[in-house]
Q: 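Provided herewith is a single structure, encoded as structure tokens, for subsequent inquiry.
Keep in mind that this is a model prediction, so the values were computed, not measured. Chain letters run A, B, ... following the sequence lines, proteins first and then strands; every chain starts at 1.
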Number of protein chains: 2
Amino acid sequence: MLQDTLSFATPDCSGCPIRHRAVCARCDGDELARLEEIKYYRSFEAGQTVIWSGDRMDFVGSVVSGIATLTQTMEDGRTQMVGLLLPSDFVGRPGRDGAAYDVVATSDLVMCCFRKKPFEQMMETTPHIAQRLLQMTLDELDAAREWMLVLGRKTAREKIASLLAIIGRRNASIQSVSVADRVVFDLPLTREAMADYLGLTLETVSRQVSALKKDGVIELQGKRHVTVPDFSRLLEEAGDDQDGGLLV
Amino acid sequence: MLQDTLSFATPDCSGCPIRHRAVCARCDGDELARLEEIKYYRSFEAGQTVIWSGDRMDFVGSVVSGIATLTQTMEDGRTQMVGLLLPSDFVGRPGRDGAAYDVVATSDLVMCCFRKKPFEQMMETTPHIAQRLLQMTLDELDAAREWMLVLGRKTAREKIASLLAIIGRRNASIQSVSVADRVVFDLPLTREAMADYLGLTLETVSRQVSALKKDGVIELQGKRHVTVPDFSRLLEEAGDDQDGGLLV
DNA sequence: CGACGGCTTGACTTCCGTCAAAGACCGTGG
DNA sequence: CCACGGTCTTTGACGGAAGTCAAGCCGTCG
């Protein structure tokens with residue numbers, strides 16, 4: 001698997017799997033060529049920390065494949081996930097030197113990186129990049145606010161259902177399948193990571209997953225493979241209105 | 001008070017109190033002149049709803065004076081505040097027609113509005129606007145993520161302390177006073193609004209405010225006027241590291 | 001004055017966290 | 001091959017933080 005991902009080292013954007021969704025989505029051939037000059041790939045193994053909070057960041061970049069998490073940690077060890085980074089998501093903040101969060105590879109991960117200074121210069125001269133980045137940042141802001149409602153007001157059961165709904169819906173959108181009724185996917189997160197995302201303990205996550213299973217809202221094959229027989233039922237459990245604020 | 005705010009109706013940007021901090025901050029004289037052509041002021045009284053979630057939005061704009069809140073509501077009435085809008089903050093999302101949240105004026109409020117279509121066109125042609133909006137959106141995203149940690153992982157007492165610290169720090173920054181030790185400010189929110197911000201009930205907010213007062217972390221004159229005798233003590237109570245991630 | 005909204009305080013309940021033990025699964029090495 | 005350790009997960013018993021329900025206080029405004 002890691003071998004596969006390393007093969008991205010050939011630096012040709014035109015065949016890139018995230019070409020049409022990443023920060024470079026709006027760039028034309030010329031602009032892409034200039035980006036190619038300052039880009040490079042980096043691979044990380046599952047579990048590796050990509051960036052430590054507080055560290056100086058000399059690059060920004062996009063997730064090409066794999067999954068990473070964005071987390072904050074308090075001195076006493078309490079941690080809260082503040083973002084889930086999927087292919088095409090952008091990492092780093094132009095105009096800031098220090099990293100504000102830990103970025104950890106949850107699966108094997110490949111990133112397309114740009115040295116920060118040249119990237120910032122390109123942003124000045126290439127509106128297409130800044131425009132796309134604004135769009136992506138606004139989407140992330142919406143997602144963060146959506147999540148604030150989950151964290152602040154939902155019960156443990158609703159939180160689990162919300163997370164499953166988000167993952168299920170996203171999987172469906174990647175495969176361009178409608179979320180009619182039956183939805184099947186693999187959880188990309190451990191119970192502990194789910195807990196960190198949801199502001200719960202891993203025990204509570206485990207209990208509520210079991211409860212949803214017992215009540216027939218979901219079916220489990222193994223620990224990670226999930227089947228949702230009736231997606232609208234899951235949305236009800238999540239406390240979302242029926243079609244759940246059609247996200248991206 | 002409302003009379004005062006209405007006097008902003010004179011449309012001259014150069015004397016605008018948020019000139020250097022709003023979405024127009026980077027604009028030069030020319031650009032400002034073009035913005036003036038499409039701008040208009042609107043006033044709202046305390047308690048009025050500025051925008052209803054789901055409504056079509058035909059304008060975007062900046063808060064000139066006063067305070068507004070951004071909230072989400074579930075069908076059963078549970079509500080979560082997802083943003084606090086202060087002078088210079090931007091409302092609305094270019095490129096989207098429907099409002100995602102309720103916007104409510106907490107105090108009397110004046111907004112500088114732009115019709116959406118012309119504003120979007122100006123964004124295309126005026127990099128300074130898009131650049132500034134990106135910067136502001138990234139700041140908001142950071143604030144939202146900061147708040148996710150508060151909502152997901154902090155205790156009720158820590159939540160209250162965190163809110164007081166944020167308000168106190170911001171007040172200090174507006175007045176360009178250092179947050180050395182003694183900090184004094186008025187709470188711009190009711191107990192219920194604080195609860196909606198913090199993911200608590202208003203009773204719990206009331207209890208924890210009383211507890212912080214009893215323990216000497218804060219002093220109260222009336223219900224809303226707060227004195228913090230030792231700001232670093234407040235930060236400790238908030239669970240922040242000593243200088244609390246120097247925000248804006 | 002009385003009525004109202006905002007706030008406080010008390011008594012009780014409950015959801016979820018804590019602590020603890022043990023099961024499932026996997027790869028390693030004897 | 002199976003024993004072993006490690007990680008991830010489940011489940012139970014218990015306790016505590018915060019929610020719920022209810023009563024009453026304070027300041028303001030008609």
Q: So what does A:T190 touch, heavy atoms closer than 4.0 Å: a base, only the sugar-phosphate, or nothing?
A: sugar-phosphate
Q: Once you round it to whole Å, what is the distance between P of C:dC16 and CZ of A:R78?
A: 18 Å
Q: Report yes or no: does A:R145 contribute a side-chain atom to a donor-acceptor pair with the main-chain N or O of B:T71 at less than 3.5 Å?
A: no
Q: Grab the CD1-P distance between B:I160 and C:dT8 for me, whole Å please.
A: 10 Å
Q: Could you give the CZ-to-P distance, from A:R191 to C:dA24, as a whole number of Å?
A: 15 Å
Q: B:L187 has an atom CG; how far is it from atom C1' of C:dC7, in whole Å?
A: 13 Å
Q: What is the ring orientation for A:F59 with A:Y40, classed by angle as parallel under 30°, tilted 30 to 60°, or perpendicular over 60°?
A: perpendicular
Q: May I have the list of side-chain donor-acceptor pairs in residues 46-54 of chain B shorter than 3.5 Å, sequence neighbours left out?
A:
| residue | atom | partner | partner atom | Å |
| --- | --- | --- | --- | --- |
| B:Q48 | OE1 | B:E45 | N | 2.7 |
| B:S53 | OG | B:A100 | O | 3.3 |

Q: Does atom CD of B:E203 have more than 12 heavy-atom neighbours, drawn from other residues, nucleotides or ligands, at distances under 6.0 Å?
A: yes
Q: How does each nucleotide of nucleotides 13-30 of chain D score, in 5' to 3' order, for protein heavy atoms under 4.0 Å: base (B), sugar-phosphate only (S), or none (-)?
A: B----SSBB---------
Q: May I ask you to decide whether A:E219 forms a salt bridge with A:K213, counting only side-chain N to carboxylate O separations under 4.0 Å?
A: no
Q: List the residues meeting ring-ring contact (aromatic ring centres under 6.0 Å, His included) with B:F90, not counting sequence neighbours, and say none if there are none.
A: B:F119
Q: So, does A:R224 get its side chain near the phosphate of D:dT9, meaning an N or O under 4.0 Å from OP1 or OP2?
A: yes
Q: Could you tell me how far apart B:L220 (CG) and C:dG6 (P) are, to the nearest whole angstrom?
A: 18 Å
Q: Take the protein atom CE of B:M194 and the nucleotide atom C1' of C:dG6, then report the distance between them rounded to whole Å.
A: 13 Å
Q: Atom CG of A:L198 and atom C1' of C:dC15: how far apart are they, to the nearest Å?
A: 16 Å
Q: Measure CG/B:L189 against C1'/C:dG5 and give the value in whole Å, please.
A: 16 Å
